[in-house]
Amino acid sequence: MKYAVVFASMTGNTRLLAERIKEVLPQEQMIYWGEPAEVGREADILFVGSWTDKGTCCPAIGDFLRSLEGKKVFLFGTAGFGGAQAYFDQIAGRIRENLPESNTLLGHFLCQGKMPQSVRARYEAMEQNEKTKAMLHNFDAALSHPDAADLQALEQAVFRCLAQL
């Protein structure tokens with residue numbers, strides 16, 4: 001089977017996940033690795049990743065997913081907020097809505113990702129209350145992500161995905 005890893009990464013976090021997938025997949029079966037492109041649609045199995053944009057995937061990945069027909073797809077990505085699997089599952093569900101029904105979703109993996117310092121500066125400029133304190137705390141907690149544990153969990157999710165085939 002031919003694989004492709006198609007992703008969009010604004011800050012480099014989702015790219016780190018894409019690199020790990022590339023490392024664990026058989027290189028001789030990978031036909032494409034990179035941003036959305038026509039050649040990526042030629043694969044039998046697509047690993048499609050995005051940063052989180054307003055609770056779903058970025059527009060480029062949404063467009064790519066909507067163009068797929070009859071493929072096996074594994075979704076992955078990062079979100080600045082996080083910590084709870086239920087939150088990541090909600091995002092994955094919204095991303096899934098872009099995938100036509102003729103495709104088979106093999107699974108998904110999302111984890112927290114660090115945000116640019118400009119986001120922290122924006123939070124600091126806001127009126128300080130419990131909500132903004134929580135936002136600042138989340139920002140600081142995200143600084144180490146994706147971390148080694150995230151990459152290990154992604155690897156396990158990819159192997160679970162492949163075991164279904």
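Predicted model only: the values in this text are computed from it and were never measured.
Residues forming a ring pair (Phe, Tyr, Trp, His ring centres under 6.0 Å) with F7 (at least two apart in sequence, or on another chain): W33. Residues that satisfy the salt bridge (charged side-chain N to carboxylate O under 4.0 Å, His left out) test with D53, not counting sequence neighbours, are absent from this structure. For E101, there are no salt bridge (charged side-chain N to carboxylate O under 4.0 Å, His left out) partners two or more places apart in sequence or in a different chain. S50 meets the side-chain contact (heavy atoms from CB on, under 4.5 Å) test with C57, C58, I61; sequence neighbours excluded. With sequence neighbours left out, the salt bridge (charged side-chain N to carboxylate O under 4.0 Å, His left out) criterion links E69 to no other residue. When the salt bridge (charged side-chain N to carboxylate O under 4.0 Å, His left out) test is applied to E35, no partner is found at least two apart in sequence or on another chain. When the ring pair (Phe, Tyr, Trp, His ring centres under 6.0 Å) test is applied to F76, no partner is found at least two apart in sequence or on another chain. Contacts of A134 classified as side-chain contact (heavy atoms from CB on, under 4.5 Å), with partners at least two apart in sequence or in another chain: none. Applying the side-chain contact (heavy atoms from CB on, under 4.5 Å) test to Q117 and every residue at least two apart in sequence or in another chain returns R120, F139, L143. Under the rule for a side-chain contact (heavy atoms from CB on, under 4.5 Å), the partners of R66 that lie at least two apart in sequence or sit in another chain are D63, N98.
Screening residues 10-24 for side chain to side chain donor-acceptor pair (under 3.5 Å), with sequence neighbours left out, gives T11-N13, N13-K114, T14-T78, R15-E19, R20-E23, R20-E155. Screening residues 80-137 for ring-ring contact (aromatic ring centres under 6.0 Å, His included), with sequence neighbours left out, gives no hits.
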